[in-house]
There are 2 protein chains.
Amino acid sequence: MKNKISIIKIGGNIVNDEKALDTFLANFSKIENTKILIHGGGKIASQLNDKLGIKTIMNEGGRISSAENLDIVTMIDAGLINKKIVSKLQGYNCNALGLSGSDANCILANKRPTSPVEYGFVGDIKAINSSTIKMFLSHGITPVFCAISHDGNGQLLNTNGDIMASEIAIAMSKYIDTELIYCFDKKGVLSDITNEHSTIENINYEKYLALKENKTVNEGILPKMENCFNALNNKVSKVSIGDHSMINGNEIFTTLTL
Amino acid sequence: MKNKISIIKIGGNIVNDEKALDTFLANFSKIENTKILIHGGGKIASQLNDKLGIKTIMNEGGRISSAENLDIVTMIDAGLINKKIVSKLQGYNCNALGLSGSDANCILANKRPTSPVEYGFVGDIKAINSSTIKMFLSHGITPVFCAISHDGNGQLLNTNGDIMASEIAIAMSKYIDTELIYCFDKKGVLSDITNEHSTIENINYEKYLALKENKTVNEGILPKMENCFNALNNKVSKVSIGDHSMINGNEIFTTLTL
């Protein structure tokens with residue numbers, strides 16, 4: 001285990017694009033720090049839902065993760081995507097280990113209360129089993145997490161991948177210098193969503209509050225930024241947001257600071 | 001790690017039956033020996049193939065595992081079934097870790113040659129990474145393998161679960177007293193396939209050859225018995241075949257000896 005760890009979350013835009021994913025994984029495997037990858041599922045699960053005629057039930061709280069939806073997410077995220085990523089990383093000499101939160105009890109969650117809003121089989125993270133994760137890392141293993149956790153009583157739970165990444169980073173930062181990187185489809189936080197060259201390179205908490213107040217940044221990025229500041233407030237040393245080219249040396253991305 | 005290990009393979013008949021699977025897992029979790037579970041996929045993958053209109057291509061060598069078929073198997077076996085088993089075992093206080101052969105490079109395989117018969121993405125096991133498996137066991141982790149391996153160059157491969165179980169048993173037997181148990185839908189090897197009370201309780205190699213010669217046992221069981229004797233010939237100390245009730249104390253099953 002090196003003296004620094006990088007926790008990297010990739011979103012659906014990379015996962016859904018075979019070529020982008022392959023490029024990302026080749027670059028990820030070259031990162032010399034100890035590292036952990038967290039991946040979302042993207043549109044493949046929705047497409048399979050559609051093909052199988054499984055309905056997406058929406059309510060005021062968003063999409064409900066029914067038992068059927070959870071099965072599809074488990075197939076796609078923990079199965080197809082996770083194992084493709086792991087086997088590709090192995091091909092790049094990165095000793096990856098695919099994990100859901102239930103595997104080796106790595107991530108425990110509470111099923112979200114059904115009242116006032118029913119979310120279905122959605123879990124909010126309760127505990128990261130950092131001793132097991134550290135044990136894997138100490139053996140040169142690179143954990144690759146899909147965004148599924150469990151309740152410890154036999155139930156898998158659909159979990160927010162961005163929050164999973166920040167919670168893992170917070171847990172690891174107790175033991176090792178930790179950086180958290182969110183890779184999504186933009187080169188960082190944009191001051192103008194219609195202009196891809198408008199990356200705001202540095203955002204501190206004060207600026208974040210101002211951007212939120214004057215609605216410069218769109219609602220899609222706000223929860224991600226909230227996770228970033230939560231991580232910074234909990235001893236994660238560096239947090240950044242950008243697209244997957246930042247893993248390959250591109251210097252335009254957003255760095256967040258307190 | 002205890003001084004004995006049990007390697008147990010369960011077939012589709014258990015995996016496909018939620019109640020039978022739950023009973024099996026409750027009993028499996030109570031086994032005091034160090035243990036490893038290997039599971040097949042059963043009919044869920046075929047059903048999904050059918051629902052999605054993915055054709056099963058057959059040739060003289062049997063079913064061809066096309067790229068599409070492999071994706072479905074990866075979804076169902078490595079995803080849905082593996083994670084359901086792992087989360088249920090966690091609920092029974094068994095610290096399970098779901099694995100494909102690509103995870104932590106546990107099982108390497110060679111893609112089967114395309115000539116004289118094309119099998120598609122099917123792998124024949126080349127190496128079991130016993131040091132990594134032993135490392136997991138030494139931390140009180142129970143590996144749960146689906147029958148998917150990889151070639152080490154980024155390609156997942158569909159693999160025979162019975163052979164995977166015997167190869168894991170052979171690899172572990174170099175270090176620890178190892179027993180191999182095949183759980184399928186019958187109470188062992190039957191002398192009369194139409195009579196479920198005709199279990200042959202003890203079969204040595206001579207008897208096996210005689211049963212094969214006079215065609216007393218059906219062709220379905222012969223490859224499984226071949227795996228059993230291969231394991232016995234390679235220092236696995238005990239091999240048995242029966243249904244899942246043998247994990248719960250039922251004493252009628254078949255014991256194989258050299």
Side-chain angles (χ1 to χ4, degrees), chain A residues 22 25-26 44-45 48 51-53 70-106 108 129 131-132 135-136 138-144 146 148-157, chain B residues 22 25-26 44-45 48 51-53 70-106 108 129 131-132 135-136 138-144 146 148-157:
Chain A
D22 199 52
L25 295 175
I44 309 177
L48 186 57
K51 278 189 196 165
L52 295 173
L70 179 67
D71 279 358
I72 298 290
V73 166
T74 306
M75 285 179 205
I76 300 299
D77 295 9
L80 189 65
I81 296 173
N82 190 269
K83 298 314 163 200
K84 278 199 173 177
I85 290 175
V86 166
S87 61
K88 275 174 185 285
L89 285 175
Q90 290 288 348
Y92 291 126
N93 292 314
C94 171
N95 194 12
L97 169 63
L99 297 163
S100 72
S102 67
D103 292 294
N105 194 27
C106 283
L108 269 170
N129 182 346
S131 63
T132 296
M135 182 271 285
F136 291 144
S138 73
H139 286 93
I141 287 172
T142 296
V144 176
C146 64
I148 295 173
S149 59
H150 78 138
D151 71 355
N153 294 312
Q155 181 63 55
L156 295 165
L157 294 165
Chain B
D22 199 53
L25 294 174
I44 308 177
L48 186 57
K51 275 188 199 167
L52 295 174
L70 179 67
D71 279 359
I72 298 289
V73 166
T74 306
M75 285 179 205
I76 300 297
D77 295 9
L80 189 64
I81 296 174
N82 190 270
K83 297 314 163 200
K84 278 199 173 177
I85 289 176
V86 166
S87 62
K88 275 176 185 283
L89 284 174
Q90 291 288 349
Y92 291 126
N93 292 313
C94 170
N95 193 12
L97 169 63
L99 296 163
S100 72
S102 67
D103 292 294
N105 194 27
C106 282
L108 269 170
N129 183 346
S131 64
T132 296
M135 182 272 284
F136 291 143
S138 73
H139 286 94
I141 286 171
T142 295
V144 176
C146 64
I148 295 173
S149 59
H150 78 139
D151 71 355
N153 295 312
Q155 181 62 56
L156 296 166
L157 294 165

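Letters A, B, ... mirror the listed sequences (proteins, then strands); counts begin at 1.
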*For B/Asp71, check side chain to side chain contact (heavy atoms under 4.5 Å, CB included) against everything at least two apart and list the hits.*
A/Leu80, A/Lys84
*Would you please name every residue forming a side chain to side chain contact (heavy atoms under 4.5 Å, CB included) with B/Asn153, sequence neighbours left out?*
B/Asp151
*So how far is it from B/Asn129 CG to A/Asn95 CG, rounded to the nearest 0.5 Å?*
7.5 Å
*Could you tell me the separation between the OG atom of B/Ser87 and the CG atom of A/Asn105, rounded to the nearest 0.5 Å?*
11.0 Å
_At a 4.5 Å cut-off on heavy atoms, which part of B/Phe136 comes close to chain A: side chain, backbone, both, or neither?_
side chain
_Region of B/Leu99 in contact with chain A, defined by heavy-atom distances below 4.5 Å_ = side chain
_Segment of A/Leu48 engaging chain B (4.5 angstrom heavy-atom cut-off)_ = side chain
When only pairs under 4.5 Å are counted, which of [options] shares the most heavy-atom pairs with chain B?
options	result
A/Gly53, A/Ala96, A/Cys94, A/Pro143	A/Ala96
A/His150, A/His139, A/Lys88, A/Lys51	A/His139
A/Leu52, A/Ile81, A/Ile76, A/Ile141	A/Leu52
A/Cys106, A/Gly140, A/Gly91	A/Gly91

*Flag the pair B/Val86 / A/Leu156 as yes when at least one side-chain heavy-atom distance between them is below 4.5 Å, and no otherwise.*
no
*Would you say the side chain of B/Asp103 lies within less than 4.5 Å of the side chain of A/Lys83, judging by non-hydrogen atoms?*
yes
*Could you tell me which of B/Leu97, B/Ile72, B/Asp22 has the largest number of non-hydrogen atom pairs under 4.5 Å with chain A?*
B/Leu97
